[in-house]
Amino acid sequence: NASNRHSLKGRYFQVNHSNNTSQASRSNLYYIEYQYQKHFKKNLTMTTGLVANYCAAFADIYGEDDHTSSNEGFFAQFDKKIKKTTLSFGARYELFRMDEDKDQSKPVFRAGMNHQLAKASFVRASFGQGYRYHLVPGLEDGLRSWYLGPLLTADEEGKRGAGGEG
């Protein structure tokens, strides 16, 4: 059916940092996303999907402890086109886990508007929430330029925020 579309995307990413200062690290990241899009009458589009990623991080500075984390989520978004304006509303629910620690889950929401002023000119505004998981305490400041994977602490809640653009 021309009004339905399925897509499946996957990715593998590996980073290796070697040096002679006992600060070597290696991380492997696996990512997969399934998306389904359906077009309805009257310019309404629904996009839903599932997403998952898994990370294994190994670093000298962790000592004998290596870390694994996973993040799974599902999402839905609705886009409605009215003449030259498109309105978007969406939600996402995520589950995060690191090592054997307690799972954390959060819903996040977004909304937006895109209006075509001329052939190649648009005005847009959006609002979206996000959720950031904390890195291992004491490592965040010194390792901002290193990719070690999304690491959480078991006793610290993540931070929730919101942002917009216009």
Check your understanding: Is a side-chain N or O of K80 found less than 3.5 angstrom from the main chain of K42, in a donor-acceptor match?
Key -> yes
Check your understanding: In terms of side-chain heavy atoms, does Q77 have a donor or acceptor partner in D79 at a distance below 3.5 Å?
Key -> yes
Review point. Can you tell me how far CZ of F127 sits from CZ of F109, rounded to the nearest 0.5 angstrom?
Key: 10.5 Å
Point to revise | Pairwise distance CE(M46) to NZ(K38) - rounded to 0.5 angstrom | key: 7.5 Å
Practice item. Starting at OG of S105, measure out to CD of E72 and round the result to the nearest 0.5 Å. Key: 11.0 Å
Exercise for review: Spell out, yes or no, whether Y93 and L50 are grouped together once hydrophobic residues are joined by side-chain heavy atoms under 4.5 Å, including indirect joins.
Suggested key: yes
Revision key, fill the gap. Between N16 and R26, the two heavy atoms sitting closest are OD1-CG, 2.7 Å
Review point. Between L29 and N53, is any pair of side-chain heavy atoms under 4.5 Å apart?
Key: yes
Point to revise | Test salt bridge (Lys or Arg N to Asp or Glu O under 4.0 Å) applied to R110 - qualifying residues, sequence neighbours left out | key: none
Check your understanding: So, the side chain of N71 versus the backbone of Y54: is there a donor-acceptor pair under 3.5 Å, distance only?
Key -> no
Exercise for review: Answer with yes or no whether the side chains of N4 and Q37 bring together a donor and an acceptor at under 3.5 Å.
Suggested key: no
Exercise for review: Please tell me if the side chains of F13 and V15 come closer than 4.5 Å, counting only heavy atoms from C-beta onward.
Suggested key: yes
Exercise for review: Could you tell me which non-hydrogen atom of P107 sits nearest to which non-hydrogen atom of Q129, and how far apart they are?
Suggested key: O-OE1, 4.4 Å
Point to revise | Closest approach of C55 to S27 (non-hydrogen atoms, all atoms of both residues) | key: SG-CB, 4.5 Å
Check your understanding: Just how far is it from atom CD of Q116 to atom CZ of F122, taken to the nearest 0.5 Å?
Key -> 4.0 Å
**Study point:** Whichever hydrophobic residues join I82 through chains of side-chain contacts under 4.5 Å
**Key:** L87, F89, M113
Exercise for review: To the nearest 0.5 Å, tell me how far R92 CZ sits from F74 CZ.
Suggested key: 10.5 Å
Review point. Taking the side chain from D99 and the backbone from T68, do they hold a donor-acceptor pair closer than 3.5 Å?
Key: yes
Point to revise | Trace of the side chain to side chain contact (heavy atoms under 4.5 Å, CB included) decision for F58 with N28 | key: CA-CA 9 Å; F58 315 94; N28 297 300; 3.9 Å; yes
Check your understanding: If you round to the nearest 0.5 Å, how far is CG of L44 from NE2 of H39?
Key -> 10.0 Å
Review point. Can you find a pair of side-chain heavy atoms, one from K84 and one from H115, that are under 4.5 Å apart?
Key: yes
Review point. With sequence neighbours excluded, what pairs up with Q35 under the side chain to side chain contact (heavy atoms under 4.5 Å, CB included) test?
Key: R5, S7, E33, T47, F75
